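Quick notes on the structure that follows.
Just so you know, these numbers come straight off a predicted model, no measurement behind them.
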Amino acid sequence: MRRVYLYARFQRFWHWMQAVIIFALLVTGMEVHGLFTLIGYELSFHVHNFLAWGLVTFIVLAFFWYITTGDFRQYLTEGNLLEKIGLQVRYYMNGIFRNEPHPFKKNEISRLNPLQRITYLMLTLVGLPLQIAFGFLYYYFNELVAFGMDPDWIEPIALIHTLLAYLLVAFVIMHVYMTTTGHTPTSNIKAMVTGWEEIDE
Ligand code: HEM
């Protein structure tokens, strides 16, 4: 085994802040949606909007960090992406239960497998920006109507925002399960806390 440093301090900080903010957004969002009463509609509404700005701030900081450090390269895949994703899916559906080795070995310059790369990229470049955009459309709806937007659009905007929130819940459940499929069930999570992970030579 070899100890490798996979996650820099800012990356770990950003990851856990993002997780806490998204979790709090989901809880306050569900309260605003009327699913339960926890801190009250009014407070949930204000906390939800404040956290949304917090998330936007962290995403902007994270983009800056990934670009200036060159770490965004971890998300690029050489060769046939579909074929590589196929190998990884086959491993999760089959190989993992037969104790087969991971099809892609981790190291300092390649810590994510092709399926993780595409999932995290789609989440960060498509899913979260869409969710945030629809949230802001919803929040500033009255102002937008004053500028000529059709008031009937409120329903599809609310529906898409809610649908994307449920997709985010599905991502988090799947993501946490997937993080237990490393060398040991907790090795990936430990790496996201300390930065270090033990990997096969
Ligand atoms: C709630 C929203 C969450 C989001 C949006 C999120 C997003 C991400 C992203 C984008 C990465 C890749 C970072 C990189 O290598 O550049 C990542 C990695 C990771 N996340 Fe999360 N995460 C969330 C919650 C969690 C939670 C709750 C846990 C564990 C309890 C967790 C554990 C991990 C671990 C261990 C990794 C390392 C790589 C891996 O195994 O995939 N995450 N996460």
Side-chain angles (χ1 to χ4, degrees), residues 1-22 55-134 163-164 166-201:
M1 300 299 283
R2 187 167 67 94
R3 261 187 115 223
V4 285
Y5 190 58
L6 294 182
Y7 297 102
R9 196 177 301 162
F10 171 79
Q11 219 167 1
R12 288 175 275 141
F13 171 67
W14 164 72
H15 176 267
W16 292 118
M17 282 305 292
Q18 176 178 242
V20 168
I21 293 177
I22 288 182
L55 186 62
V56 171
T57 310
F58 270 105
I59 290 177
V60 171
L61 281 179
F63 260 95
F64 186 71
W65 187 89
Y66 274 91
I67 289 168
T68 52
T69 58
D71 197 76
F72 69 91
R73 290 194 187 88
Q74 293 270 358
Y75 285 88
L76 310 176
T77 309
E78 278 174 17
N80 190 332
L81 177 64
L82 279 180
E83 194 182 301
K84 290 184 174 181
I85 289 177
L87 278 175
Q88 191 61 40
V89 170
R90 200 203 140 270
Y91 171 75
Y92 283 138
M93 298 186 69
N94 199 318
I96 195 169
F97 302 109
R98 297 162 184 253
N99 231 357
E100 282 176 16
H102 280 258
F104 300 95
K105 294 259 174 282
K106 260 187 193 182
N107 59 46
E108 295 88 336
I109 50 164
S110 176
R111 62 173 183 268
L112 302 168
N113 69 50
L115 191 61
Q116 287 174 314
R117 286 173 196 216
I118 196 76
T119 310
Y120 297 148
L121 213 55
M122 293 310 272
L123 175 82
T124 313
L125 297 185
V126 183
L128 286 178
L130 264 185
Q131 178 65 334
I132 291 168
F134 275 91
L163 189 76
L164 289 171
Y166 281 112
L167 284 179
L168 210 53
V169 173
F171 163 79
V172 175
I173 295 170
M174 204 60 187
H175 179 59
V176 174
Y177 164 67
M178 288 304 202
T179 62
T180 65
T181 60
H183 171 59
T184 68
T186 55
S187 60
N188 283 347
I189 295 176
K190 273 188 197 143
M192 212 14 131
V193 174
T194 64
W196 292 89
E197 185 169 340
E198 297 235 313
I199 57 163
D200 279 332
E201 271 294 9

Who pairs with Met93 by side-chain contact (heavy atoms from CB on, under 4.5 Å), at least two apart in sequence or on another chain?
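Here the qualifying residues are Val89.
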side-chain contact (heavy atoms from CB on, under 4.5 Å) against Thr124, all qualifying residues, sequence neighbours excluded
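Thr124 satisfies side-chain contact (heavy atoms from CB on, under 4.5 Å) with Phe63 once adjacent residues are dropped.
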[atom1]/[X] to [atom2]/[Y] distance, rounded to the nearest 0.5 angstrom?
X      : Y      : atom1 : atom2 : answer
His102 : Ile96  : NE2   : CD1   : 6.0 Å
Thr119 : Met174 : OG1   : CE    : 9.0 Å
Leu168 : Ile173 : CG    : CD1   : 10.5 Å
Gln88  : Phe104 : CD    : CZ    : 6.0 Å
Leu130 : Met122 : CG    : CE    : 9.5 Å
Leu123 : Ile22  : CG    : CD1   : 6.5 Å

Do [X] and [Y] touch side chain to side chain, with heavy atoms closer than 4.5 Å?
X      : Y      : value
Val193 : Trp16  : yes
Thr180 : Asn188 : no
Met1   : His183 : yes
Leu55  : Ile59  : yes
Arg90  : Glu100 : yes
Leu61  : Met17  : no
Ile85  : Thr77  : no
Asn107 : Val4   : no

Nearest atoms (heavy-atom pairs only) where [X] meets [Y]:
X      : Y      : result
Tyr91  : Pro103 : CG-CD, 3.5 Å
Gln11  : Leu6   : OE1-O, 4.1 Å
Gly182 : Ser187 : C-OG, 3.9 Å
Leu112 : Gln116 : CA-OE1, 3.3 Å

When you measure from the side chain of [X] to the backbone of [Y], do you find a donor-acceptor pair of N or O atoms at a distance under 3.5 Å?
X      : Y      : answer
Thr181 : Met178 : yes
Lys84  : Asn113 : no
Thr186 : Ile189 : no

With side-chain contact (heavy atoms from CB on, under 4.5 Å) as the criterion, how do Tyr7 and Trp14 come out once you've worked through the C-alpha distance, each side chain's angles and the decisive distance to 0.1 Å?
CA-CA 11 Å; Tyr7 297 102; Trp14 164 72; over 6 Å; no
Qualifying salt bridge (Lys or Arg N to Asp or Glu O under 4.0 Å) pairs with a residue from residues 108-124, counting only residues at least two apart or across chains:
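Counting only pairs at least two positions apart or across chains, the salt bridge (Lys or Arg N to Asp or Glu O under 4.0 Å) contacts touching residues 108-124 are Arg2-Glu108, Asp71-Arg111.
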Who passes ring pair (Phe, Tyr, Trp, His ring centres under 6.0 Å) against Tyr75, sequence neighbours left out?
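Per chain and number, Tyr75 pairs via ring pair (Phe, Tyr, Trp, His ring centres under 6.0 Å) with Tyr66.
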With sequence neighbours excluded, tell me which residues meet ring pair (Phe, Tyr, Trp, His ring centres under 6.0 Å) with Tyr92.
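For Tyr92, no residue satisfies ring pair (Phe, Tyr, Trp, His ring centres under 6.0 Å) once neighbours in sequence are set aside.
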Angle between ring planes, Phe171 versus Tyr120, binned at 30° and 60°: parallel, tilted or perpendicular?
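It falls in the perpendicular class, over 60°.
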Which residues pass the salt bridge (Lys or Arg N to Asp or Glu O under 4.0 Å) test with Arg12, sequence neighbours left out?
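Residues passing salt bridge (Lys or Arg N to Asp or Glu O under 4.0 Å) with Arg12: none at all.
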Test side-chain contact (heavy atoms from CB on, under 4.5 Å) on Gln18 and Leu128; report intermediate values, then the result.
CA-CA 11 Å; Gln18 176 178 242; Leu128 286 178; 3.7 Å; yes
Can you confirm whether Leu76 is buried at CG, in the sense that more than 12 heavy atoms of other residues, nucleotides or ligands lie under 6.0 Å from that atom?
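Enclosed.
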